[in-house]
Amino acid sequence: MPSRLMLRYLGADLSSSTGRALIEERYRSLRQQVPIIYLLGLVNLSAMELAATGRLVPGANLPTLILGCGLIRLCQWFGHGRDVVHGTMVARMAQTVLFATLVCVAVCVRCLYLLQVGDSASHMAVMLFGGLTAIGVAYGLTALPPAGRIPLLLIIGPLSVAALLSKEPQFAGAAFGLVVVGALTMRLLTAHNRHFTDVIKSRAIIAREQRRVANAHEEALIAATTDFLTGLPNRRAFVSALEAAASDSPGTFSLAIIDLNRFKAVNDTFGHAAGDELLQEVAARLVAAIGDRGLVARLGGDEFGVLIEDVHRLKDVAAAGAAIISGVNGSAMIRGRELGISVSCGLRMSDKSQDQSPSRLMADADLALYQAKVNPGGGATIFEPRMEGPRRRRAQVERALRAPDLSEHLSLVFQPIVDLGTGRILAHEALARWTDPELGPVPPSEFVPLAEQLNLIDEISPRLMDMAFEAAKEWPEEVRLSFNLSAIQICSPGSAKSVLRALRAARLSPSRLQVEVTETALLADFTQARDNLTQLRAAGATIVLDDFGAGFASIGYLRQLHFDQIKLDGGLVTAAHGSADGKRLLRAVIGLCEILGVSSVAEHVENQEILTLVLELGCAAGQGFWLQEPLGRLEVRNLHEALAGGRSRSTDRRAA
Ligand code: C2E
Ligand code: CA
Ligand code: CA
């Protein structure tokens with residue numbers, strides 16, 4: 001009840017942070033002042049006793065009372081430590097008002113009594129010390145205005161009235177002075193309280209604002225470093241953790257990069273929602289497998305990263321890798337379907353003596369992951385320096401591809417595509433050759449995909465195309481030039497137009513051109529590829545699907561795009577040689593081409609058996625080392641001159 005009254009009097013509201021801050025600040029300030037107030041009272045009132053009565057004997061007198069109250073209050077304020085709840089604070093303030101009233105009444109009574117006895121000098125001493133005590137105590141209680149006003153009202157008030165009533169002029173003057181000082185002190189108390197309240201309120205507002213900014217900052221930080229789908233740390237957080245590990249405990253941690261096998265198939269077959277659930281399941285399994293040994297993060301797509309702490313030996317790293325694989329692999333119920341989960345894992349041990357930048361460590365773990373993917377049943381593979389070979393080679397080839405004089409080292413060879421029925425050469429396929437002065441010959445299967453990745457194919461291909469067009473002009477009219485178009489070329493807008501422009505510039509009819517495109521190249525942007533191919537076909541060029549049977553061999557594309565020829569992938573052809581299953585498959589694919597009304601070309605006709613086989617299966621045309629190895633420009637010209645005069649080696653062979 002007194003606490004509630006006190007709260008109402010102070011205008012404080014414990015449900016608001018400002019209200020609580022006000023109470024805390026008043027309490028803290030009061031707690032500091034209480035010992036001083038009692039000391040001040042004790043000294044002043046002892047002096048008053050001494051001055052008014054001429055003696056100070058221990059016993060039941062005012063200073064003893066003050067001392068007793070002071071001790072009780074000190075025990076109350078300091079006996080329970082600092083951590084008190086707001087309710088207790090308010091209760092203690094209410095007690096302060098009570099004690100102030102009791103003590104002031106006692107002082108007042110004693111002063112009034114002393115004014116009745118003694119001489120005028122002692123009366124003046126009572127006025128002086130009584131007034132000083134009241135003002136001092138009031139000032140000490142500024143943090144609690146209701147208590148601060150009590151000594152002014154209960155000591156100065158009655159003392160002044162008594163002095164005025166005494167009709168002694170010097171007392172009346174002193175009383176007047178006291179009343180004025182008391183009134184001014186009261187006014188100061190009010191002003192101080194207002195100021196005090198304002199300061200605390202604004203401090204509370206600033207603190208609240210700071211908290212809000214800190215919270216917002218923390219939220220933004222969490223959002224920027226968390227993967228939305230799995231709730232795991234994201235790539236950014238993972239990289240920071242790697243940086244921290246490399247600087248705090250170099251050489252004592254490892255990292256793993258984990259990739260789901262065949263995730264794309266799950267996404268494509270069962271939809272993205274199932275894919276998302278699968279990723280969440282993998283995330284949970286990884287966290288369970290690693291426990292508190294490290295940090296699991298989602299690096300993006302179906303790739304996860306694990307930072308494993310406190311591993312020093314290779315066998316511990318291998319054990320961590322095995323734990324990851326066995327913890328994640330298995331089956332899971334996703335949207336009512338049982339799906340198999342299988343992951344590959346590349347591990348990299350940190351090494352104090354080497355570059356420990358996150359990018360380097362992650363690139364190494366990636367290489368190990370790649371190895372794990374290539375080796376059937378690779379599971380978890382630890383990085384070894386020998387794996388760097390391909391990376392170093394790639395960097396060398398990349399540097400050489402960017403050399404300004406690259407085109408001087410590029411050339412073409414031509415391999416005939418032969419009609420297996422008549423032995424006639426239908427076309428020559430242009431095959432790029434590059435002999436770098438330092439690296440020596442670099443096969444196209446190596447540099448073409450890299451040039452595509454580096455966006456350099458647009459510089460290389462037109463140069464090759466011009467060379468091929470110049471060569472094709474030397475061949476008989478009915479022999480076409482077959483040119484391979486890469487994914488970037490076939491899928492970039494305007495590429496058909498630039499090919500047709502180059503043909504015009506070379507004064508070569510579009511009907512002399514045959515373009516070879518692979519299914520994977522079409523996949524990059526099917527609509528754009530279809531636009532380009534349609535334009536080329538409309539201009540008279542022949543469109544060939546290359547490497548059919550090497551990728552997905554989707555019948556959908558065969559229906560949506562009209563091909564003039566389908567080249568059966570070399571792997572499909574050679575597999576048919578000596579394998580009954582392979583033979584059945586090749587027969588079926590050739591049959592499919594027949595049904596579609598598109599002629600088929602067998603690649604990699606490497607020996608007589610394959611030639612006999614593809615002839616028997618009804619293949620219209622063939623290409624391969626057995627028929628003719630790729631030839632230089634001059635050799636092709638000579639071949640045609642010889643053919644015009646006689647018969648070619650390849651047709652001789654076929655006849656045999
Ligand atoms: P591709 O288009 O399938 O070219 C046929 C590849 O098979 C050529 O290899 C050729 O030399 C090889 N080959 C021919 N007959 C036989 C045989 O009987 N047995 C075996 N095992 N192989 C045979 P090459 O010249 O190394 O070209 C490899 C790939 O590089 C090509 O495959 C093609 O995808 C790409 N490529 C080559 N030149 C170019 C080009 O100018 N532009 C683009 N975009 N790609 C090119
Ligand atoms: Ca080709
Ligand atoms: Ca091919």
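Numbering of ligands and ligand atoms starts at 1, following listing order. Quick note: numbers below take in every heavy atom, side chains included, and nothing from hydrogens, waters or symmetry partners.
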Closest to [atom] among [options] (heavy-atom distance):
atom: atom 7 (O) of ligand 1; options: His604, Arg463, Glu603; result: His604
atom: atom 21 (N) of ligand 1; options: Gln623, Glu446, Glu606; result: Glu606
atom: atom 15 (N) of ligand 1; options: Met465, Glu516, Gln415; result: Gln415
atom: atom 29 (C) of ligand 1; options: Ser445, Ala550, Ser486; result: Ser445
atom: atom 28 (C) of ligand 1; options: Ala468, Pro630, Pro444; result: Pro444

Practice task
Rounded to the nearest 10 degrees, what's the angle OD1 of Asp547 makes with OD1 of Asp546 at the Ca ion (ligand 3)? Could you check?
Solution key: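 The two atoms subtend 80° at the Ca ion (ligand 3).
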
Exercise for the section: Please determine if the Ca ion (ligand 2) has an N/O/S atom from Ser482 lying under 3.0 Å away. Expected result: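 Under 3.0 Å: Ser482 has no N, O or S contact with the Ca ion (ligand 2).
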
Problem - Glu446 and Arg394 ion-paired at < 4.0 Å - result: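 Between Arg394 and Glu446 there is no salt bridge, as every charged N stays at least 4.0 Å from the carboxylate O atoms.
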
Practice task
Kindly give the heavy-atom pair with the smallest separation between Met387 and Ile382, and that separation in Å.
Solution key: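 Of all heavy-atom pairs spanning Met387 and Ile382, the closest is CE-O, 3.3 Å.
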
Using a 4.0 Å heavy-atom threshold (strictly under), name the region of [X] that reaches ligand 1: side chain, backbone, both or neither.
X: Ala432; answer: both
X: Thr574; answer: neither
X: Gln628; answer: neither
X: Asp546; answer: side chain

Handout entry: Glu516 OE1 and Glu429 OE2 subtending at the Ca ion (ligand 2) (10° steps)
Key =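 Answer comes to 90°, rounded to 10°.
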
Handout entry: Contact (N/O only, under 3.5 Å) between Leu431 and ligand 1
Key =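 Leu431 vs ligand 1: no N/O contact under 3.5 Å.
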
Exercise for the section: Return yes or no for this condition: an N or O of Trp626 is under 3.5 Å from an N or O of ligand 1. Expected result: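 No.
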
Practice task
Return yes when at least one N/O/S atom of Asp569 is nearer than 3.0 Å to the Ca ion (ligand 3), and no when none is.
Solution key: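 For Asp569, the answer is no, given that no N, O or S atom comes within less than 3.0 Å of the Ca ion (ligand 3).
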
Practice task
Go through the steps for Arg402 and Glu398 under the test salt bridge (charged side-chain N to carboxylate O under 4.0 Å, His left out), then give the verdict.
Solution key: CA-CA 6 Å; Arg402 294 187 190 278; Glu398 179 175 340; 3.3 Å; yes

